[in-house]
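Everything below concerns the one structure shown next.
Bear in mind that the values here come from a model prediction, so they are computed numbers and not experimental data. Just follow the structure's listing: the first ligand is 1, and inside any ligand the first atom is 1.
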Amino acid sequence: MERPLERPLERRASIRTAVVWEAVSALLDGAEGQRVLDIGGGTGGFAVRVAELGHRVTVVDPSPDALAALDRRARERQVENRIVGQQGDLAGLDELVEEGSVDLVLCHEVLGLVDDAEAALATIGRVLRPGGRLSLLVSQRHAAVLARAMAGHFTQARDLLDGPVDGAGAGERRFTAEELEELLAATGFTVSDVHGIRVFADLVPSTLLDLEPGAIGGLIDLERAVAGRPEYRTTAAQLHVLASH
Ligand SMILES: C[S@@+](CC[C@H](N)C(=O)[O-])C[C@H]1O[C@@H](n2cnc3c(N)ncnc32)[C@H](O)[C@@H]1O
């Protein structure tokens, strides 16, 4: 059951993750005791919820602070017996996780941080069992161009048009849906769903969400309604892709 969202940050987080969480939990629906790997799972926002559904989750993340927070969160929610945190890197996954041993990999907001996205996807393919699934969440380039331009950063927007790396110097790689689908095909994945995430959420000022009762639920409903519509994909801050290997 959803817990009440008391604080503005929690509400914002819920808007940002609701559609992705629904797709991930639908993937797991009806399956029991799945072996889930959350690569770059950070403080366990998703991992803990997956463990609460009864699955076993390994979180691999290079940050000791994130892993400590994961540990605390897992204990608070009483799922520490179903979650293991391991310090490590997506690029070095082969050394940490046995080949063909995972039913579902979550790779959310991490692929854009590695030097070689294609090699990283190939590594994920190796740790998945045959027919295993991937939930991949990345930043979407067209929306970042729009956001830079709307903020008056026209040179950054222009730079981002032609190059996949953020012109603001953050170093994160952003993808178009076509690039992502090509990379996934090249590494042996079959894409089943592509969703646009945060099509409107980042554009709506927080003050508007406080003005009208039910505004947050209405925005989440709208995000859900447009997620699968290709015509809205270019304004989505993120792309969420489900694929099998
Ligand atoms: C933006 S956070 C995303 C956290 C979580 N996946 C989520 O969606 O809420 C990025 C996470 O990736 C981790 N990270 C950064 N570089 C990584 C790498 N090369 N391999 C694996 N994880 C990495 C960071 O420590 C951080 O926890």
Practice problem: Can you sort out which atoms of ligand 1 are near S63, meaning under 4.0 Å from one of its heavy atoms? | Solution: 25 (O)
Quiz item: What is the closest protein heavy atom to atom 10 (C) of ligand 1, and at what distance does it sit?
Solution: E109 O, 3.7 Å
Quiz item: Quick one: do the R73 and T43 side chains pair a donor with an acceptor below 3.5 Å?
Solution: yes
Quiz item: Quick one: does G45 get within less than 4.0 Å of ligand 1, heavy atoms only?
Solution: no
Quiz item: Are R133 and D103 close enough for a salt bridge, meaning some N to O gap below 4.0 Å?
Solution: no
Practice problem: Find all atoms of ligand 1 within a distance of less than 4.0 Å from any non-hydrogen atom belonging to L113, and give their numbers and elements. | Solution: 15 (C), 16 (N)
Quiz prompt | Donor-acceptor side-chain pairing of H240 and S135 below 3.5 angstrom | solution = yes
Quiz item: Looking at side-chain heavy atoms only, is the closest gap between L137 and L239 below 4.5 Å?
Solution: no
Quiz item: Would one find an N or O of P62, backbone or side chain, under 3.5 Å from an N or O of ligand 1?
Solution: no
Practice problem: Please indicate whether any nitrogen or oxygen in H108 is less than 3.5 Å from any nitrogen or oxygen in ligand 1. | Solution: yes
Quiz item: Considering only heavy atoms, does L90 approach ligand 1 within less than 4.0 Å through its side chain, its backbone, both, or neither?
Solution: both
Practice problem: Pull out every atom of ligand 1 sitting under 4.0 Å from any heavy atom of D61, numbered as shown with elements. | Solution: 11 (C), 12 (O), 13 (C), 24 (C), 25 (O), 26 (C), 27 (O)
Self-check item: Distance-only polar pair, side chains of S139 and E172, donor-acceptor under 3.5 Å
Solution: yes
Quiz item: Taking only heavy atoms of V114, which atoms of ligand 1 are found under 4.0 Å from at least one of them?
Solution: 19 (N)
Quiz item: With atoms numbered from 1 as shown, which atoms in ligand 1 lie under 4.0 angstrom from a non-hydrogen atom of G42?
Solution: 27 (O)
Quiz item: CG of L184 to CD1 of I124: how many Å apart, nearest 0.5 Å?
Solution: 9.0 Å
Quiz item: What is the nearest protein non-hydrogen atom to atom 4 (C) of ligand 1, stated with its residue, atom name and distance?
Solution: G40 O, 3.3 Å
Quiz item: Considering only protein heavy atoms, which is closest to atom 19 (N) of ligand 1, and at what distance to one decimal place?
Solution: D89 OD1, 3.1 Å
Quiz item: Got a salt bridge between R77 and E52, using NZ or NE/NH1/NH2 to carboxylate O under 4.0 Å?
Solution: yes
Quiz item: Is the closest basic N to carboxylate O distance between E179 and R141 below 4.0 Å?
Solution: yes
